[in-house]
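First comes the structure, then the notes that go with it.
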Amino acid sequence: MDPIGDALLKAMAPELGYRQRDGQPTVFGRWYSANVVRDAEYEKAPWCDMFIAWAAAKAGVADYVGRFAWTPSHARWFTTHGAWSRTPEPGALVFFDWSGGGDIGGIDHVGVVESVEGGTIHTIEANVDGSRLKRKTRDESKVVGYGLPRKVRESLTGAPPAEGAPVPSGVTRIEVRPAPGPGAPAMAFGTGPYGVPAETVPVAGLLAVLLVATFLLTRRRPRPGAGRHRRRGRRPDGVPEGGRAAGAG
């Protein structure tokens with residue numbers, strides 16, 4: 001097994017048996033909220049992927065595993081690094097679509113492969129079987145694909161890690177948008193609804209300039225009389241009212 005996958009699994013194993021209490025925040029959601037997105041809405045959100053982010057940070061391999069809460073975003077991140085595979089291997093992240101579809105946009109859940117026996121994969125998964133963290137045995141009928149952290153490292157550094165060598169730090173792209181609950185739709189920018197890659201930062205700067213210019217222009221015009229109005233609502237899960245539902249985690 002490559003050292004990245006080995007480090008990730010070793011960080012995960014001591015947490016086996018953890019269970020989320022009904023309606024309560026998880027340890028991993030609180031960590032993600034405090035350390036990745038600074039948004040308390042993540043504390044009670046579906047946590048299968050946030051647990052992986054927590055374990056990757058603990059193992060020092062987050063640059064190659066990713067820090068995501070939205071599983072389709074995470075899968076697409078692997079594809080952008082040329083690290084997506086249809087073949088299971090220990091240490092790989094395994095992405096599931098419970099409807100049996102093969103499209104990344106339909107991904108519902110993620111775990112990490114511990115071992116492979118023929119067409120059977122043995123995994124560690126969070127938020128399964130009554131919101132528990134446990135080992136599972138799966139066939140590949142619901143698998144969309146596999147994310148390979150070792151390939152992410154190769155894409156970032158140009159070389160695979162030597163067996164037993166420490167894993168150096170790279171550049172981690174993290175999610176910066178609010179991650180609500182299971183009803184949020186996938187969106188069409190790069191890493192999905194809750195992940196904004198580093199490349200979008202210049203766009204944000206341009207938008208800020210436009211907003212300032214608009215504000216200055218409106219100050220020069222007569223202001224209309226105050227009237228009652230209703231802003232477009234936003235549900236507690238962060239999705240605009242009327243948004244399409246699709247769950248993950």
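All heavy atoms count here, side chains included; hydrogens, waters and symmetry mates do not.
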- Joint hydrophobic cluster, W47 plus W98, side-chain heavy atoms closer than 4.5 Å: no

- Query: Do V110 and V128 sit in the same hydrophobic cluster, where Ile, Leu, Val, Met, Phe, Trp and Tyr count as joined when their side-chain heavy atoms come under 4.5 Å apart?
  - Reply: no

- Do you know which of E89, R86, E140 makes side-chain hydrogen bond (donor to acceptor under 3.5 Å, both in side chains) with Y146? E140

- Assert yes or no for the condition that the ring centre distance of F95 to H74 is strictly below 6.0 Å. yes

- H109, R132, K134, R135 screened by side-chain hydrogen bond (donor to acceptor under 3.5 Å, both in side chains) with E125, the one that passes: H109

- Query: Between atom NZ of K10 and atom NZ of K58, what is the distance when rounded to the nearest 0.5 Å?
  - Reply: 13.0 Å

- Task: Verify the cluster assignment for I121 and W84: are they in a single hydrophobic cluster under the rule of side-chain heavy atoms below 4.5 Å apart?
- Result: no

- Looking at side-chain heavy atoms only, is the closest gap between F96 and V144 below 4.5 Å? no

- Item | Gap between atom CG of D2 and atom CZ of R153 - 0.5 Å precision | 10.0 Å

- Item | Main-chain N/O of V112 paired to T123 side chain as donor or acceptor, under 3.5 Å | no

- Message: Just verifying a value: how many Å separate L8 CG and E114 CD, rounded to the nearest 0.5 Å?
- Response: 10.5 Å

- Query: Should D49 and W70 be marked as a side-chain contact (heavy atoms from CB on, under 4.5 Å) after you check the CA-CA gap, both sets of side-chain angles, and the distance that decides it?
  - Reply: CA-CA 7 Å; D49 215 355; W70 181 250; over 6 Å; no

- Minimum heavy-atom separation for A92 to L148, with atom names? CB-CD2, 3.6 Å

- Query: Any donor-acceptor pair under 3.5 Å linking the side chain of T79 with the backbone of R76?
  - Reply: yes

- Message: The test is side-chain contact (heavy atoms from CB on, under 4.5 Å); show your working for L9 and M1 and say whether it passes.
- Response: CA-CA 11 Å; L9 287 166; M1 185 188 303; 3.7 Å; yes

- Item | Side-chain (Y42) to main-chain (A34) donor-acceptor, under 3.5 angstrom | no

- Looking only at heavy atoms, which two atoms of I107 and P72 are closest? And how far apart? O-CG, 3.8 Å

- Minimal heavy-atom distance between P149 and G91, with the atoms involved, is CD-O, 3.7 Å

- Same apolar cluster (I L V M F W Y, side chains within < 4.5 Å links), V113/Y64: no

- Between W77 and H81, how do the two ring planes meet: parallel, tilted or perpendicular, split at 30° and 60°? perpendicular

- Taking only Lys NZ, Arg NE, NH1 and NH2, and the carboxylate oxygens of Asp or Glu, determine whether D129 and K136 approach each other closer than 4.0 Å. yes

- Query: Going hydrophobic residue to hydrophobic residue with side-chain gaps under 4.5 angstrom, can you get from V94 over to V65?
  - Reply: no

- Query: Of the non-hydrogen atoms in A75 and I104, which two are nearest, and what is the gap between them?
  - Reply: CB-CG2, 3.9 Å

- Just do the side-chain contact (heavy atoms from CB on, under 4.5 Å) check on T87 and V116 with the steps written out, would you? CA-CA 10 Å; T87 304; V116 182; over 6 Å; no

- Which pair of heavy atoms, one from F68 and one from A53, lies closest together, and at what distance? N-CB, 4.2 Å

- Message: I need the minimum non-hydrogen distance between L133 and E15, along with the two atoms involved.
- Response: CD2-O, 3.0 Å

- Query: Are the aromatic ring centres of F28 and Y18 under 6.0 angstrom apart?
  - Reply: yes

- Query: Are the side chains of V36 and W54 in touch, meaning some heavy atoms are under 4.5 Å apart?
  - Reply: no

- Message: Is there a side-chain contact (heavy atoms from CB on, under 4.5 Å) between M12 and F51? Walk through the geometry before answering.
- Response: CA-CA 8 Å; M12 296 172 79; F51 167 66; 3.2 Å; yes

